[in-house]
Amino acid sequence: MLLEVENIRSGYHGLEILHEITLHVDPGEIVAVVGANGAGKSTLLKTIVGETKQFGGAVRYQDKTISFGGSHQVARQGLMLVPEHRALFGTLTVEENLQMGSWARREREGFTEQEIMELFPILDERRAQYAETMSGGQQQMLAIARALMGAPKLLLLDEPSTGLSPKLTWDVFHAVKAIRERGVSVLIVEQNARQVLDLADRAYVLESGSVALDGDAKELAADERVQAAYLGG
Ligand code: ATP
């Protein structure tokens, strides 16, 4: 396993938000976590990278335990989180943002800047544009592209479809497929169950901080309970 989350409990100020979550990502997989607003999806990703305190359980990446406070260290080891708010440097250009992403790369092989531009041609056209003046979809692409500059082995994506039209979401998901074809594994959390279940190999359904269902993504998309709760019946 590339990532193993075992009975993890975590939350804020002593209040438990995630209750004994167990999940894993194998090399080469796209795994989705779907759930409603407030189910704990962002908290899960922040706990995995060591930004949110664990109350119990364990997170292991490449068989090494990740502890609280270690997010820079895990990024250097190729576990990269693209947060929902994208965290771009708004007053820097596209090109400068990409250069900032290479700090975590170390000696790992990964996408070159040229390959990233081929994946997201719009960024190539907009190299000199300030990040804050780009559209939501373009900013999402730039945030993923910047993470790729760090040569990740596992990319954690927090609701990349936020603020995007279904068409732009497909464009971003299409890029995610291409990224996986290059050997990068992906754990993606989404409220947008319909599109992400089509993208993923496996998925987990998160409800009120617990895993309610898990399995093959296509089977989950056909499951009556998932259809009723997340796919509009
Ligand atoms: P969303 O789609 O709204 O981002 P989510 O599934 O990602 O939802 P989280 O953001 O993980 O959910 O939030 C889960 C719960 O944790 C919510 O009740 C939220 O209010 C709470 N929470 C999140 N961040 C904090 C924080 N920094 N301090 C205190 N409580 C928080």
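In listed order, ligands and their atoms are each counted from 1.
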**Prompt:** To which protein heavy atom is atom 11 (O) of ligand 1 closest, and what is the distance rounded to 0.1 Å?
**Reply:** Thr43 OG1, 2.5 Å

**Message:** Looking at Gly57, is its backbone amide N or carbonyl O close enough to the side chain of Asn7 to form a donor-acceptor pair, meaning the two atoms are under 3.5 Å apart?
**Reply:** no

**Side-chain donor or acceptor of Arg108 paired with backbone N/O of Arg76 under 3.5 Å** = yes

**Message:** Give the atom numbers and elements of ligand 1 that come within less than 4.0 Å of a heavy atom of Gln191.
**Reply:** 2 (O)

**Asked** Can you tell me which residue and heavy atom of the protein come closest to atom 16 (O) of ligand 1, and the distance to 0.1 Å?
**Response** Ile17 CD1, 3.4 Å

**Fill in**
Counting from 1 in the order shown, the ligand 1 atoms closer than 4.0 Å to a non-hydrogen atom of Glu84 are 4 (O)

**Item:** Expected output: side-chain Tyr61 to main-chain Gln77 donor-acceptor under 3.5 Å
**Value:** yes

**Prompt:** So, Lys41 side chain and Leu206 main chain: donor-acceptor pair closer than 3.5 Å or not?
**Reply:** no

**Prompt:** For the residue pair His72 and Trp103, does the interplanar ring angle fall in the parallel (under 30°), tilted (30 to 60°) or perpendicular (over 60°) class?
**Reply:** tilted

**Request:** State which residue, out of Arg194, Gln195, Glu190, fulfils the side-chain hydrogen bond (donor to acceptor under 3.5 Å, both in side chains) condition with Asn192.
**Result:** Gln195

**Request:** Do me a favour and list the nearest non-hydrogen protein atom to atom 10 (O) of ligand 1 with residue, atom name and distance?
**Result:** Ser42 CB, 3.6 Å

**Prompt:** So which heavy atom in the protein is nearest atom 28 (N) of ligand 1, and how far is it from that ligand atom?
**Reply:** Tyr12 CG, 3.5 Å

**Request:** Could you tell me whether atom 19 (C) of ligand 1 has a protein heavy atom closer than 4.0 Å?
**Result:** no

**Asked** Below 4.0 angstrom, N of the basic side chain to O of the carboxylate: do Arg60 and Glu4 qualify?
**Response** yes

**Message:** What protein heavy atom lies closest to atom 14 (C) of ligand 1? Include the residue and the distance to one decimal.
**Reply:** Gly38 O, 3.5 Å

**Item:** Nearest-neighbour protein heavy atom for atom 2 (O) of ligand 1, which is reported as residue plus atom name and distance
**Value:** Glu159 OE2, 2.9 Å

**Complete:** If you scan protein heavy atoms around atom 12 (O) of ligand 1, the nearest is Gly40 N, 3.3 Å

**Request:** Starting from atom 1 (P) of ligand 1, locate the nearest protein heavy atom and write down its residue, its atom name and how far away it is, to 0.1 Å.
**Result:** Asn37 OD1, 3.4 Å

**Sub-4.5 Å side-chain heavy-atom contact between Ile144 and Phe120** = yes

**Prompt:** Is Ala36 in contact with ligand 1, taking contact as a heavy-atom separation below 4.0 Å?
**Reply:** yes

**Request:** Apply the side-chain contact (heavy atoms from CB on, under 4.5 Å) test between Leu18 and each candidate in Val211, Leu44, Thr52; give the one that qualifies.
**Result:** Leu44

**Asked** Is there a heavy atom in Gly35 that sits closer than 4.0 Å to ligand 1?
**Response** no

**Asked** Is there a nitrogen or oxygen of Lys41 sitting under 3.5 Å from a nitrogen or oxygen of ligand 1?
**Response** yes

